2 protein chains.
Amino acid sequence: MTDAPRRKRVPRAEREQQILAAAEEVFAERGFQNTSMDEVSLRVGVSKPMLYEYFTSKEGLLLACVARIRADLHSTTLGAMAAAEAGGPRAVLEAGLEAYFDFADRHGRAWAVLLNESVIVAGPAEEAIEAIRGQQTRLLEDVLGRWLADASPTRVAVLAHGLVGASERVARWRLRDGSGTGPRETAVLLADAFWPGFAEVETSANP
Amino acid sequence: MTDAPRRKRVPRAEREQQILAAAEEVFAERGFQNTSMDEVSLRVGVSKPMLYEYFTSKEGLLLACVARIRADLHSTTLGAMAAAEAGGPRAVLEAGLEAYFDFADRHGRAWAVLLNESVIVAGPAEEAIEAIRGQQTRLLEDVLGRWLADASPTRVAVLAHGLVGASERVARWRLRDGSGTGPRETAVLLADAFWPGFAEVETSANP
DNA sequence: CTTCTCTACCTACTCTCAGTAGGCTACCCG
DNA sequence: CGGGTAGCCTACTGAGAGTAGGTAGAGAAG
């Protein structure tokens, strides 16, 4: 009946993952601002100084969450696009968009908080978040650069950033009001809007 | 030599504007998170309780700043688009985009912090910010709805939200790396990307 | 089995800062 | 020239980010 002295020792890597999982949950529920480190530590079942030992600061913890989910998103969309390679550029575009919206669906609020609404600061953390976001844009710049070999880098940049921004906002709209529209359908609608703008790519179509 | 007893009484409406101006500055410099109410009050030359009297909370102050700058942006772009009406839809689109990028240029970091990076919370403030943001989207939905009279509301929504998202991200990119590209040039590039997606509008062109 | 040591872990603080209680005073109006 | 009110202040409370300094479990070495 005396309460269990359940101090269970766990290797660092594993605890880090537990902490990230709990933090992602709480951030998604309450938002970054309204989350206290005490609450995260409570939910993991570990004391606060551990969080600081492993992640330096509250911002650091947020950054780690963002990095993790971004990496997941990146490999997911990359995989989908690679799988659609045979269908030609248009199919690749649609596959990437669909994978993105599907990812957003599966991760719900965590996606919105961590990828869109969370940036807070004007200091190094902002840089860090933008850098992580840059992965996605660079991926698109690569692909678009290959398709539009003779377009100016500026044009490629505008298209890539524009497409990323459009995806984010459309995904957010779906989360709030537009959930009646499925990932596939949404992807096609957005691709329809953007595709004709890629004038030069009109060569290889679906089989 | 005894320091001035400069308690200068100022009517409420005027003080509110002073406070908003100072807050916008500090938020832009430090970011929301790293700004203390004490610092804002110091800069205005007024004591902290005044800020709370007029704006309820730190979030409330942020919200007021956002609302103000959003309203400014809204009327600016609206005006530019109205002025371009005679040139046809394509000219209206370009004018709106150019006004947007120009606005972002003029407001520098304040724009980035207040319109893009500042949303913080999961509670009512998030709703409020989204509502303010909604102005812009609704404006576009109106215009697009008129141009694409026979398109489904879903398609119009995707286009409107997509275009807003694209503008935001492209503007942000310009602020960081792409400032070599002027507002006009950027607007044309983005319009080129999106325009052909508005298939049905191809009727009225420039004189 | 004992001791050594390394790393996971904790309790108990400090300090900054959002938000408030309660009162004062400049200015207008009669 | 005395109210009355609107603008203003000093001086607090409480929450929560971040830290100092120490405890203890588990494997290695004897």
Side-chain angles (χ1 to χ4, degrees), chain A residues 2-23 26-27 29-65 118-125, chain B residues 2-23 26-27 29-65 118-126 128:
Chain A
T2 50
D3 66 347
R6 60 186 155 76
R7 195 125 43 95
K8 183 68 174 303
R9 248 177 129 109
V10 166
R12 175 165 185 150
E14 192 179 329
R15 259 288 134 79
E16 279 178 353
Q17 291 307 312
Q18 292 177 2
I19 294 173
L20 286 176
V26 188
F27 284 148
E29 280 170 29
R30 301 230 196 300
F32 177 77
Q33 181 82 350
N34 300 330
T35 294
S36 79
M37 292 297 265
D38 286 292
E39 168 141 19
V40 175
S41 75
L42 209 76
R43 201 169 298 198
V44 191
V46 115
S47 73
K48 201 164 43 150
M50 294 266 58
L51 309 189
Y52 286 91
E53 173 101 22
Y54 290 164
F55 299 99
T56 312
S57 69
K58 192 182 175 187
E59 253 176 47
L61 183 54
L62 174 70
L63 240 51
C65 287
S118 58
V119 187
I120 307 301
V121 291
Chain B
T2 49
D3 67 347
R6 59 186 156 76
R7 193 126 42 97
K8 182 66 172 305
R9 254 174 124 112
V10 166
R12 175 165 182 149
E14 193 178 329
R15 259 289 133 79
E16 280 177 353
Q17 292 307 313
Q18 293 177 1
I19 294 172
L20 285 176
V26 188
F27 285 148
E29 279 169 28
R30 302 228 196 302
F32 178 76
Q33 180 81 351
N34 301 331
T35 295
S36 78
M37 292 298 264
D38 285 292
E39 168 139 21
V40 175
S41 75
L42 208 75
R43 200 168 301 197
V44 191
V46 114
S47 72
K48 202 166 39 152
M50 293 266 58
L51 309 189
Y52 286 91
E53 173 100 23
Y54 290 163
F55 299 99
T56 312
S57 68
K58 191 183 175 185
E59 254 176 47
L61 184 54
L62 174 71
L63 239 51
C65 287
S118 58
V119 188
I120 307 303
V121 291
E126 185 187 7

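Being a predicted model, the structure only gives us computed values, none of them experimental. In what follows, chains are A, B, ... by sequence order, proteins preceding strands, each numbered from 1.
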How many Å lie between CD on B/E39 and C1' on C/dT16, as a whole number?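 About 14 Å, once rounded to whole Å.
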Looking at NZ of B/K58 and CZ of B/F32, how far apart are the two atoms once the value is rounded to the nearest 0.5 Å? 4.5 Å
To the nearest 0.5 Å, tell me how far A/T56 OG1 sits from A/L51 CG. 11.0 Å
Taking the minimum atom-to-atom distance to the side chain of B/S47, which one of D/dC9, D/dG7, C/dC9 wins? D/dC9
In whole angstrom, give the distance that lies between atom CZ of B/R12 and atom P of D/dT5.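 Distance, rounded to whole Å: 16 Å.
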For a quick check of understanding: with a heavy-atom distance under 4.0 Å over all strands, which category does A/Y54 fall into, base, sugar-phosphate or nothing?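 Answer is sugar-phosphate: A/Y54 comes under 4.0 Å of backbone atoms only.
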Protein-nucleotide distance (B/E14, atom CD; C/dC27, atom P), rounded to Å: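 Rounded to the whole Å, the gap is 13 Å.
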Out of B/E14, B/E16, B/R15, which residue meets the side-chain contact (heavy atoms from CB on, under 4.5 Å) rule with B/R12?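 The residue from B/E14, B/E16, B/R15 that satisfies side-chain contact (heavy atoms from CB on, under 4.5 Å) with B/R12 turns out to be B/E16.
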Rounded to whole Å, please give me the gap between CD in B/Q18 and C1' in D/dC8.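 Interatomic distance, CD of B/Q18 to C1' of D/dC8: 13 Å.
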Starting at atom CE of B/M50, determine the distance to atom P of C/dG19, rounded to an integer number of angstrom. 16 Å
So which of B/V26, B/T35, B/I19 actually passes side-chain contact (heavy atoms from CB on, under 4.5 Å) with B/L61?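 Option passing the side-chain contact (heavy atoms from CB on, under 4.5 Å) with B/L61: B/I19.
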Atom CD of A/E53 and atom P of C/dT11: how far apart are they, to the nearest Å?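 Value for this atom pair: 16 Å.
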For A/L62 and A/F27, work out which heavy atoms get closest and say how close. CA-CE1, 3.8 Å
From C-beta outward on A/R15, which listed nucleotide comes closest to its side chain: D/dC8, D/dC9, C/dC9?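 Looking only at side-chain atoms, A/R15 lies closest to C/dC9.
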Proximal nucleotide (of D/dT10, D/dG25, C/dC27) relative to the B/R9 side chain: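 Closest nucleotide among those given: C/dC27.
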Give a yes or no on whether a salt bridge exists between B/E29 and B/R43, defined as a side-chain N under 4.0 angstrom from a carboxylate O.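 B/R43 and B/E29: salt-bridged.
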Protein heavy-atom contacts under 4.0 Å, written 5' to 3' over nucleotides 13-20 of chain D as B (base), S (sugar-phosphate only) or - (none), form the string ----BBBB
